[in-house]
Amino acid sequence: MAAILARAGATAAASGSLPKSTGRRRRNAVIVAAATGTGQAMPQEGALERPAWSGETPLSRLVGALIAFKPLYSLMKLASREVIIRTAEKWNIPWREMTKKVLESDVYEVFERIRDPKLVYPDYYLSPFHAYDEGNLSWLAAAEAEPATMSIAKRAIPEATSIEEASQIVRGSWLNTIEEHHQKYSGNCEINDILDIGCSVGVSTRYLAEKFPSAQAVGLDLSPYFLAVAAQKEEKLSRQNPIRWVHANGEATGLPSDSFDLVSLAYVCHECPARPKSKVLQELSPVLFTLMKSTEPFLDEYYMLDLEETMRQVGFANVCSILTDPRHRTVTATVPY
């Protein structure tokens, strides 16, 4: 994560990428990490430093031992997946229909256009993830990403009367947090270029493009499957500045320095790493946290990371963290001139 944050800071602030004739440097570019939203009621912070099931606690080691037993791990993976899909469909998210629509589309042609065959995947990205044996490098993961994202919003705002309302609350508050930080610390800097690192199937990228319609947005992801789904959907939309999709590693994007005014990492850090402020997450039942850890191979690393301090160490200023719904927080910062 530190490498991704450092590279994000470079693309947003370091000099050298703009045409010399402009004589302009980008100042105080905003960085958004662990970006989420807020419910209508004030979310509650938990009292724990981190959940009892993270790190080197006895409970964490017990869960880790259970997951390491392959037959049991396979059963937990199936159970976790079934719980996720059943819960989504209970909330009227047409999970299976949305998945089928993607898998039966022309997305495979888009994949061939967008994939960088020379890209080398880091070892951690080749691990099973989110109950998919191939992790994010699979069509099923890409086809199910959007209904899964809709479920995240509804789970965060259970009192919402519809999925649309929950999504608008979560994403709207996230965008408001970005805008408030920008106005406070970078008010004299126009947002003309946006980079969304770890964009998945482009949900967060599209929200950013709609919030800042005059800006050119770029969605970057390590999964060409996710990017193909994102690009196919974008091709059907009419937008003043169509989103550009880039197949690359967030740790080494290949993009020029000093080329973006706003860099976003939405859900890349996985909810609340380091001290999870969410009372809901701290008090998950043993069954739920065991199922969650069975599909998240790097969960302990997420929870042990002090994200805010890491951002300061790699050079960000004005680091702000706010719990913006019962499950998530938004961390914003600027790159000093």
Side-chain angles (χ1 to χ4, degrees), residues 4-5 7-14 17-19 22 24-38 146 149 153 164 167-221 226-227 230-231 233-246 248 250 253 255-268 316-320 322 324 328-337:
I4 294 176
L5 291 171
R7 184 56 199 157
T11 57
S17 70
L18 295 175
T22 65
R24 179 171 68 91
R25 272 180 59 89
R26 299 177 188 271
R27 297 172 180 236
N28 293 331
V30 180
I31 301 298
V32 183
T36 56
T38 181
E146 187 158 7
T149 300
E164 292 74 18
S167 297
Q168 287 301 322
I169 290 173
V170 169
R171 299 293 180 166
S173 299
W174 163 57
L175 292 169
N176 289 339
T177 301
I178 296 173
E179 189 169 45
E180 288 168 7
H181 186 101
H182 174 68
Q183 290 174 349
K184 183 173 182 179
Y185 297 105
S186 317
N188 62 341
C189 172
E190 290 186 13
I191 295 180
N192 296 315
D193 296 281
I194 299 170
L195 174 63
D196 189 20
I197 296 177
C199 68
S200 181
V201 294
V203 176
S204 56
T205 323
R206 291 193 292 273
Y207 272 100
L208 288 164
E210 289 162 10
K211 179 69 173 181
F212 305 101
S214 63
Q216 172 63 63
V218 175
L220 180 146
D221 203 273
F226 285 7
L227 289 171
K233 186 161 188 173
E234 180 68 13
E235 289 174 358
K236 299 175 182 177
L237 302 175
S238 177
R239 198 187 301 279
Q240 177 184 342
N241 293 314
I243 297 170
R244 183 164 69 93
W245 307 100
V246 176
T253 65
L255 298 172
S257 297
D258 191 28
S259 52
F260 294 96
D261 305 297
L262 168 62
V263 179
S264 166
L265 293 87
Y267 297 105
V268 172
F316 293 115
N318 306 317
V319 178
C320 303
I322 180 172
T324 45
H328 308 107
R329 61 176 169 164
T330 297
V331 182
T332 52
T334 53
V335 178
Y337 174 67

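Values below: every heavy atom of this structure, side chains too, minus hydrogens, waters and symmetry copies.
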Chi angles and distances behind the side chain to side chain contact (heavy atoms under 4.5 Å, CB included) call for F260, V218: CA-CA 9 Å; F260 294 96; V218 175; 3.9 Å; yes

First locate atom [atom1] of [X], then atom [atom2] of [Y], and finally report the distance between them rounded to the nearest 0.5 Å.
X: I178; Y: S173; atom1: CD1; atom2: OG; result: 11.0 Å
X: F212; Y: E190; atom1: CZ; atom2: CD; result: 12.0 Å
X: E210; Y: Q240; atom1: CD; atom2: CD; result: 13.0 Å
X: W245; Y: L220; atom1: CH2; atom2: CG; result: 10.5 Å
X: F226; Y: E146; atom1: CZ; atom2: CD; result: 12.0 Å
X: C189; Y: Q183; atom1: SG; atom2: CD; result: 12.5 Å

Which residue is it: I197, I194, L208, L175? I am looking for the one with a side-chain contact (heavy atoms from CB on, under 4.5 Å) to S264.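 In the set I197, I194, L208, L175, the residue that makes a side-chain contact (heavy atoms from CB on, under 4.5 Å) with S264 is L208.
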
[X] side chain near [Y] side chain, heavy-atom distance below 4.5 Å:
X: V201; Y: K233; answer: no
X: H328; Y: V170; answer: no
X: V246; Y: T253; answer: no
X: P242; Y: E235; answer: no
X: N318; Y: H181; answer: yes
X: K211; Y: N176; answer: yes
X: F316; Y: T334; answer: no
X: I191; Y: H182; answer: yes

Please check if the side chain of D193 supplies one atom and the backbone of D261 the other of a donor-acceptor pair under 3.5 Å.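 Checked: no pair found.
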
Taking the side chain from N241 and the backbone from P213, do they hold a donor-acceptor pair closer than 3.5 Å?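 Side chain of N241 to backbone of P213, a donor-acceptor pair under 3.5 Å: yes, one is there.
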
Please evaluate residues L227 and C199 with respect to the criterion side chain to side chain contact (heavy atoms under 4.5 Å, CB included), reporting the C-alpha separation (whole Å), side-chain torsions for both, the decisive distance (0.1 Å), and the verdict. CA-CA 8 Å; L227 289 171; C199 68; 3.7 Å; yes

Quick check on R244: does its CZ atom have over 12 non-hydrogen neighbours (other residues, nucleotides or ligands) under 6.0 Å away?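 No - once you tally the heavy atoms of other residues, nucleotides and ligands closer than 6.0 Å, there are 12 at most.
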
Identify the two heavy atoms, one from [X] and one from [Y], that lie closest to each other, and give their separation to 0.1 Å.
X: S200; Y: D221; result: N-OD2, 2.8 Å
X: R171; Y: A266; result: NH1-CB, 4.5 Å
X: T205; Y: A217; result: CG2-CB, 4.4 Å

